[in-house]
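Please find one structure pasted underneath; my questions will follow.
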Amino acid sequence: MSISLTWLVTGASRGIGFNIVQQLLRSPDNVVIAACRNLKSAQALMALELAPDTSGKLYLVQMDVTDETSISSAKNEVETMLGEAGLDYLINNAGVAVRNDTPATLAPKDLTATIIANVAGPALVTRAFIPLIARSNRKVIANISTAMASIGVDYGGEHSSYSISKAALNMLTYKQSKEWPDLIPFVVDPGWVKTDMGGSNATLEPHESAAGIIQVVSSATASNAGCFIDYKGEMVPW
Ligand code: NDP
């Protein structure tokens, strides 16, 4: 008998998160909890349940990663869904890029909103789900970041608030790996992807990035903890 693997993907309504959920559901081994902040706009997710290539189990849960009450309710709902089973893989994918700014043009309110969604969000979601993750044999936490957060890759001065927030997410991930040494928190760069955020000039189709992320996340071991890895499994410089 195959043992189910349990996944929670935040920001699953569209883009990379939606594609991760869609691909995970092609395996009967996967139980996938797709979290989105507005269930009313999750028609595409709901349609996945009836898709001919869906063989995994899908649960939808409402979760706004900027709202602690919403996170707490989602955690209780997921705990009820999973029963004694732990959460094997948490993918903190939800994220925002408010505006393309530079150090000369950034506005504190944009910087703050970006940090709340991209840093405080994954911090609070992870903390809330720690009891469920601790029950699992895998204990993998993938925080979706970007190469724009890397000084080594060097994207220049644009997208400042966004890059600053994701650099902070990277540090959060490092701190999580120290706080919970039995878990495997690491950072994943999904590449430049054709989504609402990435735009139509991006180099990757969402399904390509999602496939790479699933491969990297599902094969993560303790040696990945605190690392910055791209969707192809290659190390990204900090
Ligand atoms: P999209 O803009 O296409 O989708 C963003 C997703 O995040 C949506 O599902 C959105 O939900 C959700 N979201 C935003 N804020 C919240 C919130 N407060 N609570 C819950 N969900 C929220 O982006 P992508 O799919 O392109 O990006 C996914 C991740 O990948 C992000 O973390 C992004 O920073 C990262 N990334 C993307 C790149 C790209 O080229 N596309 C490159 C590098 C990193 P809703 O539908 O409700 O708005």
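None of the values given here were measured: they were computed from a predicted structure.
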Please examine the side chains of L8 and T6, heavy atoms only from C-beta on, and report whether any two atoms are closer than 4.5 Å.
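No; the side chains remain at least 4.5 Å from each other.
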
Side-chain donor/acceptor of N100 to backbone N/O of H159, under 3.5 Å:
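Answer holds: yes.
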
T203: side chain to side chain contact (heavy atoms under 4.5 Å, CB included) partners, not counting sequence neighbours:
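T203: side chain to side chain contact (heavy atoms under 4.5 Å, CB included) contacts with W192.
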
W7 side chain to D88 side chain, donor-acceptor N/O pair below 3.5 angstrom
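D88 and W7 do not have a side-chain donor-acceptor pair below 3.5 Å.
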
If you group Ile, Leu, Val, Met, Phe, Trp and Tyr by side-chain heavy-atom gaps below 4.5 Å, do V217 and L58 land in one group?
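Yes, it is one cluster - the side chains of V217 and L58 are joined through contacts under 4.5 Å.
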
Side chains of T80 and E77: does their closest heavy-atom pair fall under 4.5 Å?
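Contact flag for T80/E77 side chains = no.
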
Return yes if a side-chain donor-acceptor contact under 3.5 Å exists between D101 and S161, otherwise no.
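Judged by distance alone, the side chains do pair up.
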
Considering only distance and modelled atom types, tabulate donor-acceptor pairs under 3.5 Å from the side chains of residues 41-49, sequence neighbours left out.
| from | atom 1 | to | atom 2 | distance (Å) |
| --- | --- | --- | --- | --- |
| S41 | OG | N38 | O | 3.0 |
| Q43 | NE2 | K40 | O | 2.9 |

Between NZ of K175 and CG of L172, what distance do you get to the nearest 0.5 Å?
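Going from NZ on K175 over to CG on L172, the span is 10.0 Å.
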
Side chains of P237 and V153 in contact at under 4.5 Å (non-hydrogen atoms)
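Yes, at least one pair of side-chain atoms sits under 4.5 Å.
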
Donor-acceptor check, side chain of T146 to backbone of A149, threshold 3.5 angstrom: yes or no?
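Not a single qualifying donor-acceptor pair exists.
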
Walk me through whether N92 and I144 qualify under side-chain contact (heavy atoms from CB on, under 4.5 Å).
CA-CA 6 Å; N92 281 308; I144 305 298; 6.0 Å; no

List in chain and number order the residues that pass ring-ring contact (aromatic ring centres under 6.0 Å, His included) with W238, two or more places apart in sequence or in another chain; answer none if no residue qualifies.
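For W238 the ring-ring contact (aromatic ring centres under 6.0 Å, His included) partners, ignoring immediate neighbours, are F228.
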
Report yes or no: do I133 and V61 belong to one cluster of Ile/Leu/Val/Met/Phe/Trp/Tyr joined by side chain heavy-atom distances under 4.5 Å?
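Same cluster: I133 reaches V61 through Ile, Leu, Val, Met, Phe, Trp or Tyr contacts under 4.5 Å.
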
Could you list the residues that satisfy side chain to side chain contact (heavy atoms under 4.5 Å, CB included) with Y59, not counting sequence neighbours?
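Y59: side chain to side chain contact (heavy atoms under 4.5 Å, CB included) contacts with V31, I33, K57, M81.
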
Side chain to side chain, T126 and W180, heavy atoms closer than 4.5 Å
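Of all side-chain heavy-atom pairs linking W180 with T126, at least one is under 4.5 Å.
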
Minimum heavy-atom separation for I184 to R138, with atom names?
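Nearest heavy atoms, I184 then R138: CD1-O, 3.7 Å.
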
Residues S136, L87; criterion side-chain contact (heavy atoms from CB on, under 4.5 Å); working and verdict
CA-CA 6 Å; S136 132; L87 181 60; 5.5 Å; no

How close do N93 and G11 get, counting heavy atoms only, and between which atoms?
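Scanning both residues, the minimum pair turns out to be ND2-O, 3.1 Å.
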
Quick one: does N143's side chain get under 4.5 Å of V188's, heavy atoms only?
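The answer is no, as the side chains (C-beta and beyond) never meet within the 4.5 Å cut-off.
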
Hey, is the main chain of D64 close enough, under 3.5 Å, to the side chain of S70 for a donor-acceptor pair?
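Here the side-chain-to-backbone pair exists.
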
So does E79 pair up with R135, basic N to acidic O under 4.0 Å?
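Yes, charged N to carboxylate O under 4.0 Å.
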
Give the C-alpha distance, both sets of side-chain angles, the deciding distance and a yes or no for side-chain contact (heavy atoms from CB on, under 4.5 Å) between L106 and T102.
CA-CA 6 Å; L106 72 75; T102 71; over 6 Å; no

Checking I229 now: which residues fulfil side chain to side chain contact (heavy atoms under 4.5 Å, CB included) with it, not counting sequence neighbours?
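Applying side chain to side chain contact (heavy atoms under 4.5 Å, CB included) to I229 gives F186, V216, N224, C227, M235.
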
Pair D196 + R14, salt bridge at N-O below 4.0 Å
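Between R14 and D196 there is a salt bridge, with a charged N closer than 4.0 Å to a carboxylate O.
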
Cluster check I213, V32: I/L/V/M/F/W/Y, side chain < 4.5 angstrom
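Looking at the clustering, V32 is in the same group as I213.
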
Under 3.5 Å, side chain of Q23 to main-chain N/O of I20, donor-acceptor pair present?
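Here the side-chain-to-backbone pair does not exist.
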
Does any part of the side chain of N118, heavy atoms only, come nearer than 4.5 Å to the side chain of K166, both counted from C-beta?
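Sidechains of N118 and K166: in contact.
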
If you measure only the distance, is there a donor-acceptor pair under 3.5 Å linking the side chains of D189 and S145?
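No.
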
Heavy atoms only: give me the nearest T195-G15 pair and the separation to one decimal.
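That would be CG2-CA, 3.8 Å.
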
Tell me, please, which residues at least two apart from Y162 pass ring-ring contact (aromatic ring centres under 6.0 Å, His included).
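So Y162 forms no ring-ring contact (aromatic ring centres under 6.0 Å, His included) with any residue.
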
Report yes or no: does S55 contribute a side-chain atom to a donor-acceptor pair with the main-chain N or O of R26 at less than 3.5 Å?
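Yes; at least one donor-acceptor contact below 3.5 Å.
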
Do any N or O atoms from the side chain of Q62 and from the backbone of L39 form a donor-acceptor pair under 3.5 angstrom?
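A pair under 3.5 Å: no.
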
Within a strict 4.5 Å, meaning less than it, do heavy atoms of the T112 and K109 side chains meet?
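No; the side chains remain at least 4.5 Å from each other.
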
Which atom of A12 lies closest to which atom of A34, heavy atoms considered:
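Minimum heavy-atom contact is CB-CB, 3.7 Å.
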
Backbone of T69 reached by a side-chain donor or acceptor of S73 within 3.5 Å
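Answer holds: yes.
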
L204 versus S209, closest heavy-atom pair with distance:
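Heavy atoms of L204 and S209 come nearest at CD1-CB, 4.3 Å.
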
Over all heavy atoms of both residues, which pair between R99 and D110 is shortest? Give the atoms and the distance, please.
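For R99 and D110, the tightest heavy-atom pair comes out as NE-OD2, 2.7 Å.
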
Just by distance, do the side chain of S27 and the backbone of L24 share a donor-acceptor pair under 3.5 Å?
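Answer holds: no.
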
Common cluster, I116/L124, ILVMFWY with side-chain heavy-atom separation under 4.5 Å:
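Different clusters.
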
Less than 4.5 Å apart, any side-chain heavy atom of Q176 and any of M171?
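Counting from C-beta outward, Q176 and M171 never come under 4.5 Å.
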
Are more than 12 heavy atoms, taken from residues, nucleotides or ligands other than D53, located less than 6.0 Å from that residue's CG atom?
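More than 12 within 6.0 Å, yes.
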
